[in-house]
Number of protein chains: 2
Amino acid sequence: MSQRNTGVTAQVVNAYACPVREVLDRVAGKWSVQILVAAAHGPIRFTELERGIEGISRRMLTLTLRNLERDGLVTRTVHPTVPPKVEYALTPMAQELHETLQRLTDWAERNRVHIAEARAAYDVEHRPEQLGA
Amino acid sequence: MSQRNTGVTAQVVNAYACPVREVLDRVAGKWSVQILVAAAHGPIRFTELERGIEGISRRMLTLTLRNLERDGLVTRTVHPTVPPKVEYALTPMAQELHETLQRLTDWAERNRVHIAEARAAYDVEHRPEQLGA
DNA sequence: CTGTATCCATCGTGATACTG
DNA sequence: CAGTATCACGATGGATACAG
């Protein structure tokens, strides 16, 4: 793209073997999904997002919003008032995506415990040989 | 975890606001999904994966497989033959995940063009002011 | 065939400070 | 209020070489 890298994946250069990765590259960022979720019920302001998403920095909020906007997933509406008011909303495309992500959430919740157990078992199995104690 | 960081996300420390991120942290790695897809039809060998997934390095293949195994998403079966033969297969849990990811694929394919257009439009709109010439 | 170890370039993200 | 600029650091992943 035109300006220099400001952090956060800028663009996709190579063709994809499978299109899932294409979605993931848009959504796998640390904050993208949470923004999508936060904006799912309706337009939301910058500061509301900042307060609603635990631990996000202003920088990352801006950056992630810009990427989502660039991909046509959110719209940015500036109300020329004093003080300024900017609202972000999901596009129809993003709302579909949000529903699909809900399936992933369901899967995660169904398998959360199972995964945790698998990890624990694996870590016990593969710990650095101080078994005998 | 026990051994030192070898690259690729090691573990999850903090609690999650939403469980989607939990899935994504497991699947957002550059190669995880492609391995899941490649192993979806049935058990597959290390070298088959290596050849089937364009551009993956042996290192990343191993690393990603280990993580998937740790999360209980793939099983690793060693056939004690000469030469050695190792097969990786999806667990039932991973097969469910694979189906869910398929929905994401569908979304991606439906909206691929639309996203590309959004990007193009955005990039034109926000290029670094050398418009006149 | 199926890995592991090491080195290193790059990317993503947080901290902090400044602005219209 | 809603950003942007700069810096710094660890995580991520590629290249390469070695091994059971």
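A note on names: the letters A, B, ... follow the listed sequences, proteins ahead of strands, and every chain is numbered from 1. Any value given below was found using the heavy atoms of this structure, including those in side chains, with hydrogens, waters and symmetry copies removed. Treat the numbers as computed from the prediction; the structure is a model and nothing was measured.
T62(A) comes within 4.0 angstrom of a base, heavy atoms only.
Rounded to a whole Å, the CG atom of L63(B) is 15 Å from the P atom of dA15(D). Here dT4(C) presents its P atom at 10 Å from NE2 of H126(A), a figure rounded to the nearest Å. In this structure, the CD atom of E50(A) is 15 Å from the C1' atom of dT13(C), given to the nearest Å. Rounded to a whole Å, the CG atom of L65(B) is 14 Å from the C1' atom of dC1(C). Put simply, NZ on K85(A) is 17 Å from C1' on dG3(D), counting in whole angstrom units. Atom CD1 of I44(B) is separated from atom P of dT2(C) by 11 Å (rounded to the nearest Å). In this entry the distance linking CG of L61(B) with C1' of dA5(C) reads 17 Å, nearest Å. Atom pair I53(B):CD1 and dT2(C):C1' shows a separation of 15 Å (rounding to whole Å applied).
Between the T62(B) side chain and the R58(B) main chain, a donor and an acceptor come within less than 3.5 Å of each other. One N or O on the side chain of T64(A) and one on the backbone of M60(A) form a donor-acceptor pair closer than 3.5 Å. Listed for the T91(B) side chain is no donor-acceptor partner under 3.5 Å among the backbone atoms of V74(B). A donor-acceptor contact shorter than 3.5 Å links the side chain of H126(B) to the backbone of Y122(B). At distances below 3.5 Å, at least one donor-acceptor pair connects side-chain atoms of W107(B) with backbone N or O atoms of M93(A).
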At a cut-off of 3.5 Å, list every protein nitrogen or oxygen paired with a nitrogen or oxygen from nucleotides 14-20 of chain C, distance to 0.1 Å.
| residue | atom | partner | partner atom | Å |
| --- | --- | --- | --- | --- |
| dG14(C) | OP1 | K30(A) | NZ | 2.8 |
| dG14(C) | OP2 | W31(A) | NE1 | 3.2 |
| dG14(C) | N7 | R59(A) | NE | 3.2 |
| dG14(C) | O6 | R59(A) | NE | 3.1 |

Output a table of donor-acceptor pairs, distance under 3.5 Å, between side-chain atoms of residues 41-48 of chain B and any protein atom two or more places apart or on a different chain; print 'none' if there are none.
| residue | atom | partner | partner atom | Å |
| --- | --- | --- | --- | --- |
| E48(B) | OE1 | R45(B) | N | 2.8 |

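Electrostatic pairing of E96(A) and R110(B) counts as a salt bridge here, judged by a charged N lying under 4.0 Å from a carboxylate O. Under a 4.0 Å N-O distance rule, the pair D25(B)/R21(B) qualifies as a salt bridge.
Side-chain N/O atoms of Y88(A) include none lying less than 4.0 angstrom from OP1 or OP2 on dC1(D).
At a non-hydrogen distance threshold of 4.0 Å, R76(A) from residues 74-82 of chain A come into contact with DNA chain D.
Annotation: side chain of R70(B) is in contact with side chain of D123(A) (closest heavy-atom distance under 4.5 Å).
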